[in-house]
Protein chains: 2
Amino acid sequence: MTSKDVARVAGVSQSTVSYVMSGKRPISEKTRRLVEDAIEQLTYLPNAGARALASQRTQVIAVAMPFDPTSGAAGLMAFIEEITLAARRRDHDVLLVTAAEGVDGLRRVAGGARCDAIVVMEVRTDDPRARIARDLRVPTMFVGFPADREGLHCIDFDFEGGARLLVAELAHHRRVTVLGWGPEVVERDLNYVRRFRVAAEETAAARGVELDWVPVGHDRVEEQVREVLDAGSRALLVTTHLARVVHAVQGTGLRPGTDLDLVALATDADATAFPVPVTAVSQHPRDVSRQALQRLFELLDGGARDTGVRLVPASLVRRSSVRPTGSTR
Amino acid sequence: MTSKDVARVAGVSQSTVSYVMSGKRPISEKTRRLVEDAIEQLTYLPNAGARALASQRTQVIAVAMPFDPTSGAAGLMAFIEEITLAARRRDHDVLLVTAAEGVDGLRRVAGGARCDAIVVMEVRTDDPRARIARDLRVPTMFVGFPADREGLHCIDFDFEGGARLLVAELAHHRRVTVLGWGPEVVERDLNYVRRFRVAAEETAAARGVELDWVPVGHDRVEEQVREVLDAGSRALLVTTHLARVVHAVQGTGLRPGTDLDLVALATDADATAFPVPVTAVSQHPRDVSRQALQRLFELLDGGARDTGVRLVPASLVRRSSVRPTGSTR
DNA sequence: TTGTAGGCGTTATCAG
DNA sequence: CTGATAACGCCTACAA
């Protein structure tokens, strides 16, 4: 089934079929009908390869996956799903590139004209994929900030803003314990960990709060929560493993919002999955995805010269895991 | 950068370049060198669209995603990653299709020659995508079993076998509580839930065990665990939310492998993420993925006429969450 | 062992 | 407003 068949059935030329589909030139109402009926009747779909060859547009966005996709999988899937949906809205498809392929993967999909643009997920501070991005044939959007972002397009959640909001929420305490990302995450060299921590510590210093930063190991969550609570901490800022932390807290008999204050960096779904819903800042993976694609399409459309970083603003939703201010200190 | 350029630099004809790359005809050592050097020098990559157009092969596998990709995300990511890796090993890429597109998505990617084959994830008992699969232009592999699988290619983990192994492991108890998939999952009409349950109940009946089937709601895991333990249950078979179940158990002061026996359907990573590692049957998402692609490539290669279902066998790994048999009953 | 040339299905330019 | 026709870059008979 080709556009030639459609043309024959409709009794028009092949190029007319093409123009009906693209809308790139005026068509009389009558022939448009003819063509559209033929298309319908034959259930015609244009051949992607041929179209890409002739138009120099693949209608494909490549997505470079994170290195360990199974950790933090729920957030990642939200990300990937939203990218795919946003791409489809603009009649594009999504091609997956594993992180295992590294730099070669990007070169391959860009060089072989397999995509029109690339989204690179989970960018590291020192990321080889960032270094070669400048000489790729296609616009590339980085989710996360590499150290050298000269001439790159980057987008990320505003972890600094999130840190400030969360610390401020607990600033009536003398001491705040941060249950932070564990070594497995830190050693991945994700620069948002540092951004979050620095902003948290600055805010704490400015507000006269003492911050205890406790990296939480994947295999010791419950143990560490207990230690921290035994040591007397009653103000918890959780950046990861929220479900396990909350259950560990409850296991000690203490109740968030009653016996202690707890805030978190967590999706709305996670924050509201407990008897006591948690005051939290969400990373908004879907917003980040949408904006990433929006900027990419702006670049493809030839508008938007703006290179550089963009932040998805942080916002805090108060729920019942924090007592009304004034009840402490 | 085209094969024409390579040909010019190498001083050979364009077709020779093509044949060097495909290996579809003998090439003298000398010209092969010439061509390979030129390819290297120009960092040439063949244009995917042109290749697809000429060869009628896109080198792309489409993957139709599940409806709610964020639930059970870790398993899904393992799945997707393994599919992508397996595809790359055969020089193919992976294209994502959202479940939201439904049947049209499959028609689109198949009809428009956007892929050579399709993998459909999380197939439902009554799945429209299964009904139209027979008239798609490309071979399609279903992960999971639809009710009508006449002429379809399906693959899935052997949930029945898994159920038998798990129940057998607790068969020295008079009563076993199954903390099963909750309504959110059951209503998705995934036929493995029924398969697992029926097999579990058959095995229990055969072994003289009484089975309490408790569907666990996402928002009530801890509560339900407590209820079940309060009611005296000391044999737990967990199919979902393992981490939360284990922590809830520990919260009651009871210890798996000491005060009660606990087995689970869970990945090895999940089963070993606790102080007391859990005796478990894994769904082996990566094995399922690999076999799905292997069969698909067999079909593409023109071999393998076998239509029908294939099961990835279940196996149980004993860890320390079950007391040595004989200590009860 | 290598070269020539036609065709794959679209897009888009040039005429009309 | 519509119709020919030349690319687009690669594959693969067919010749040599």
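Quantities reported herein were computed from a predicted structural model and do not represent experimental measurements. Protein chains get the first letters and strands the later ones, always in sequence-line order, with residue 1 at the start of each.
In this structure a side-chain-to-backbone donor-acceptor pair under 3.5 Å is present from B:Arg134 to B:Glu150. No donor-acceptor pair under 3.5 Å is formed between the side chain of A:Thr43 and the backbone N or O of A:Glu40.
Note: CG (B:Leu42) to P (D:dG9) measures 14 Å, nearest angstrom. Atom CD in A:Gln14 sits roughly 11 Å away from atom P in D:dA4 (whole-Å rounding).
Applying the salt bridge (Lys or Arg N to Asp or Glu O under 4.0 Å) test to every pair with at least one member in residues 70-82 of chain A, sequence neighbours left out, gives these pairs: A:Glu81-A:Arg286, A:Glu82-A:Arg89, A:Glu82-A:Arg286, A:Glu82-A:Arg290.
Residues B:His153 and B:Phe142 fail the side-chain proximity criterion, which asks for heavy atoms closer than 4.5 Å. Using a 4.5 Å heavy-atom cutoff, the side chains of A:Val309 and A:Asp156 are not in contact.
Remark: A:Leu53, A:Ala54 in residues 45-56 of chain A come within less than 4.0 Å of DNA chain D through at least one heavy atom. Of the residues in residues 15-40 of chain B, those placing a heavy atom less than 4.0 Å from an atom of DNA chain C are B:Ser15, B:Thr16, B:Arg25, B:Pro26, B:Ile27, B:Ser28, B:Thr31, in numerical order.
For B:Ser15 and B:Ser18, the side-chain atoms include no donor-acceptor pair closer than 3.5 Å. For the residue pair B:Asp5 / B:Ser3, no side-chain donor-acceptor distance below 3.5 Å is found, with atom types taken as modelled.
Under a 4.0 Å N-O distance rule, the pair B:Asp37/B:Arg32 does not qualify as a salt bridge. Using a 4.0 Å cut-off between charged nitrogen and carboxylate oxygen, A:Arg149 and A:Asp127 do not count as a salt-bridge pair.
Using a 4.0 Å cutoff to heavy atoms of chain A, the contacted part of DNA chain C runs 5' to 3' from C:dG9 to C:dC14.
The heavy-atom pair separating A:Cys154 from A:Arg295 by the smallest distance is O-NH1, 3.0 Å.
A:Arg57 is linked by a side chain to side chain contact (heavy atoms under 4.5 Å, CB included) to A:Ser55, A:Gln59, A:Asp116, A:Leu300, counting only residues two or more places apart in sequence or in another chain.
Helix bend of the helix from C:dT1-D:dA16 to C:dG16-D:dC1: the angle between its two end axes, each built from five pairs, comes to 40° after rounding to 10°.
Checking B:Asp93, B:Leu95, B:Thr84 one by one against A:Leu96, the side chain to side chain contact (heavy atoms under 4.5 Å, CB included) holds for a single residue, B:Thr84.
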